[in-house]
Amino acid sequence: MRLRTALLASAVCLFFAQFAAAADAPSLKVGSRNVAVIEPPVAHPAEAPCVVPLYHGAQFGANNYDIAYNPPANCPGPYATIVLSVDISLNKGIQYDRTGTIWLGGVPLWFGTTAEPDPKLGPSWHFERDVTDYTSLLNSAQTGYVLIANYTNSQDTSIITSSGKLLFYPATANYPAPTVPDMIVPLAAPGGGTIGLNTGKDKAVIDQSLPTNIRRAALDVYLQGQSNDEFWYTCVPNKLASELESCGGGSFREGEISVDGMPAGVAPVFPWIFTGGIDPYLWAPIPGVQTLDFKPFRVELSPFAGVLSDALTKHKITLQVHGANSYFSVAGALMLYLDSGVTQVSGSVTQNTLTAKPMPVITKSLKTDNGDITGDLDTTAQRNFTIAGTVVDSAGTEQVAVTQLGDFANDQTFDITDSVYKQLISQTTDTAVQTTVTGSSGTNTYARTYHYPLTVDIVEKFLTDGNLSLLSTIGQSYQTNGVTIVGGVENTNSLQDSINSQDKLILNSSFQIVGHGGMQSTANYATSSSTVPCFGRTLTAAKNVLT
């Protein structure tokens, strides 16, 4: 009877909210069915940028669109900001949501998915990314490609068209250049491309020689659930999958990073939902959180800086996904900050309490009565560890310690009868990371928390006319808060991006959509900061129109 086998604390600055809304107002019109992107544009310096086109009017099928990139000849840097600006559109028709990536020098500049069209709407949207951290990559000529893997046939007819460019803003007295990594090493397939991890044992690996003067290191990782893992948060243990008519593999996933075989970090998995996910009407016109533009999770590896600089022929930095059940599409970039004052940085890892594997706890209270199943299935996991090391560079000896606390809980309630299938999911993923650097000049602290709450309520009912109704109510949020204390000066920032949406589908006995109703959604986006203007916006929609 299961349908899923066939479908599946910030301050708001009013002035800046008005200013930013005006800047991208053409994409947000009350009464419009077009994609409503809630995220604001990247903050651009008040200077004229140097523009480098990457590709223009590219149409996508199953093949790559190659890029030959050269840095702007008249803008040698340094740069205050570099912005990736992308436009995507589809013509009217039928098409699935598709995954897209942009690669330069094997490094992912963008990873995300697309909105879905319909026979009466060809959606279009614009988004921007701050890619200033990739300055060292963009300082030299690179080859790369764009891929938005799109397949057409007699039914799926819509074509995806996209253009992309880079905006370089030279540093000025008012907009100085930030500190950026000196070297970017891709975690990807050779030449660029995501890596599929089908099981928890599969690995994505950086295996190469590294500079001998690394003073700081971090790894950005993308973890996108695909195929059986697209709805991983709805899954149950294998031995219960048949009974609960659900996907197997359990509901816990995490990214695990190691350095030369030693556990080195943990990346929580954000539950991205694509625009065709669960019920496509849930996400039109407002898509899910980060659906069109994934944000990577940054894993601090600086306690390993001395180890990575030890002049071994090669070092291996490995990424795995615990619980992967066919499959996760992963990619990333190793960010290296080098010490120009020395040719050799030394040091060692002095403490590491991170265990290789988590120990999820599964509690069930399921009851069966005349074939009906009711009860709860709860999964919890904790990750609490400290990794510390010494780094000896031109500034002397520094002690670097990374402490990370992680709490995961997935609580599922089932009510299964011959005529009703109800699955109610409440999931929270909480992560707190603090990096402390102590040296001759004192102690600096960098702290950030992440909160990923998710609720998924799915109620399926057989109707007297032979059709099936599917009522879905989804709540999804990305929340992060940061505090840095550098040189005794404290700065704070926060971001909240959330959506709540509901819709009811009507499907026939062949699981074809024959109607829907009751669609409504509300999305909120808010930032606050002690150093830059803050922003706030709320969008609402009903009957798939922006209200």
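Only this structure's heavy atoms are used, side chains among them; waters, hydrogens and symmetry mates stay out.
- Side-chain atoms of Thr417 come within 3.5 Å of backbone atoms of Ser419 as a donor-acceptor pair (strictly under, hydrogens ignored).
- Between the side chains of Thr234 and Trp232, no donor-acceptor pair is found at a separation under 3.5 Å.
- Ring geometry, Tyr478 versus Tyr452: the interplanar angle falls under 30°, so the pair is classed parallel (tilted spans 30 to 60°).
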**OP:** Take Leu377 and Ile362, measure what side chain to side chain contact (heavy atoms under 4.5 Å, CB included) needs, and give me the verdict at the end.
**Re:** CA-CA 7 Å; Leu377 179 66; Ile362 300 174; 3.8 Å; yes
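- A side-chain donor-acceptor contact under 3.5 Å links Arg253 to the backbone of Gly250.
- In this structure, Glu256 pairs ionically with Lys357, as a charged nitrogen and a carboxylate oxygen lie closer than 4.0 Å.
- Residue-environment remark: NZ (Lys504) stays at or below the threshold of 12 foreign heavy atoms within 6.0 Å.
- Taking both residues in full, the closest heavy atoms of Asp457 and Ile425 are given as OD1-N, 3.8 Å, listed atom of the first, atom of the second, then distance.
- Two residues are said to be in side-chain contact when any heavy atoms from C-beta on lie closer than 4.5 Å; Phe274 and Arg98 fail this criterion.
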| said: What verdict does the side chain to side chain contact (heavy atoms under 4.5 Å, CB included) test give for Tyr222 and Gln224, after you've listed the backbone C-alpha separation in whole Å, the side-chain angles of each residue and the deciding distance to 0.1 Å? | reply: CA-CA 6 Å; Tyr222 295 92; Gln224 182 205 34; over 6 Å; no
TODO: Walk me through it: do Phe127 and Trp110 pass the test ring-ring contact (aromatic ring centres under 6.0 Å, His included)?
DONE: CA-CA 10 Å; Phe127 68 88; Trp110 168 64; 5.3 Å; yes
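- For the pair Ser251 and Tyr233, the minimum side-chain heavy-atom distance is 4.5 Å or more.
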ask   = Can Glu490 and Ser530 be said to form a side chain to side chain donor-acceptor pair (under 3.5 Å), step by step?
value = CA-CA 9 Å; Glu490 178 177 310; Ser530 57; over 6 Å; no
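- What you find for Ala189 and Thr194 is that their closest heavy atoms are CB-O, 4.2 Å.
- Thr538 places no side-chain N or O within 3.5 Å of a backbone atom of Asn524 that could act as its donor or acceptor partner.
- Judged by distance alone, the side chains of Glu230 and Asn228 never bring a donor and an acceptor atom under 3.5 Å apart.
- For the residue pair Thr403/Thr386, the side-chain donor-acceptor check at 3.5 Å is satisfied.
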field: From CA spacing to verdict: side chain to side chain donor-acceptor pair (under 3.5 Å), Ser528, Ser494
entry: CA-CA 5 Å; Ser528 68; Ser494 69; 2.6 Å; yes
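- Using a 3.5 Å distance cut-off with no hydrogens or angles, the side chains of Thr438 and Thr443 do pair a donor with an acceptor.
- Two residues are said to be in side-chain contact when any heavy atoms from C-beta on lie closer than 4.5 Å; Ser258 and Thr318 meet this criterion.
- A side-chain donor-acceptor contact under 3.5 Å links Asn238 to the backbone of Gly249.
- A donor atom on one side chain and an acceptor atom on the other are found under 3.5 Å apart for Thr355 and Arg383.
- The shortest heavy-atom contact between Ile195 and Ala204 is CD1-CB, 3.7 Å.
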### Message
Under the criterion ring-ring contact (aromatic ring centres under 6.0 Å, His included), I'd like the reasoning laid out for Phe297 against Tyr450: C-alpha separation, chi angles, the key distance, then a yes or no.
### Response
CA-CA 10 Å; Phe297 185 86; Tyr450 303 86; 4.8 Å; yes
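- One finds a salt bridge joining Glu300 and Arg216 here, because a Lys/Arg side-chain nitrogen approaches an Asp/Glu carboxylate oxygen to under 4.0 Å.
- Nearest heavy atom pair, residue Arg129 against residue Leu109, reads NH1-O, 2.9 Å.
- For Gln320 against Asp202, the heavy-atom pair with the smallest separation is CG-O, 3.3 Å.
- With hydrogens and angles ignored, the 3.5 Å screen pairs a side-chain donor or acceptor of Asn325 with a backbone N or O of Gly248.
- Among all heavy-atom pairs drawn from Phe385 and Thr353, the shortest one is CA-OG1, 3.3 Å.
- In this pair, Trp272 and Phe294 present their aromatic rings parallel. The plane angle is below 30°, not in the 30 to 60° band.
- Of the N and O atoms on the side chains of Gln412 and Gln423, at least one donor lies less than 3.5 Å from an acceptor on the other residue.
- Leu336 places none of its side-chain heavy atoms less than 4.5 Å from the side chain of Pro181.
- With 3.5 Å as the limit, one finds no donor-acceptor pair spanning the side chains of Gln404 and Asn384.
- Between Asp376 and Lys364 there is no salt bridge, since no side-chain N of the basic residue sits under 4.0 Å from a carboxylate O of the acidic one.
- Results of the side-chain hydrogen bond (donor to acceptor under 3.5 Å, both in side chains) test with Thr480 over Lys295, Arg448, Gln496, His451 single out Arg448 as the only residue that passes.
- Among Leu244, Leu366, Asp372, the one residue that satisfies the side chain to side chain contact (heavy atoms under 4.5 Å, CB included) test with Ile416 is Leu244.
- Within 6.0 Å of atom OH in Tyr96, 12 or fewer heavy atoms from other residues, nucleotides or ligands are found, so the atom counts as exposed in its surroundings.
- When atom types are taken as modelled, the side chain of Asn544 and the backbone of Ala284 share a donor-acceptor pair closer than 3.5 angstrom.
- Using a 3.5 Å distance cut-off with no hydrogens or angles, the side chains of Thr132 and Asp130 do pair a donor with an acceptor.
- Side-chain contact annotation: Asp207 with His315, donor-acceptor N/O pair under 3.5 Å absent.
- Not a single donor-acceptor pair under 3.5 Å links the side chain of Ser510 to the backbone N or O of Gln512.
- In this structure, a donor-acceptor pair under 3.5 Å is absent between the side chains of Thr390 and Glu398.
- Between Asp220 and Arg298 there is a salt bridge, since a side-chain N of the basic residue sits under 4.0 Å from a carboxylate O of the acidic one.
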request  = Report the C-alpha separation of Phe408 and Gln427 in whole Å, then their side-chain angles, then the decisive distance to 0.1 Å, and conclude whether the side chain to side chain contact (heavy atoms under 4.5 Å, CB included) test is met.
outcome  = CA-CA 8 Å; Phe408 172 89; Gln427 177 173 291; 3.6 Å; yes
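- The closest side-chain heavy-atom distance from Val402 to Tyr446 is not below 4.5 Å.
- By the 4.5 Å heavy-atom criterion applied to side chains, Ser469 and Glu460 are not counted as neighbours.
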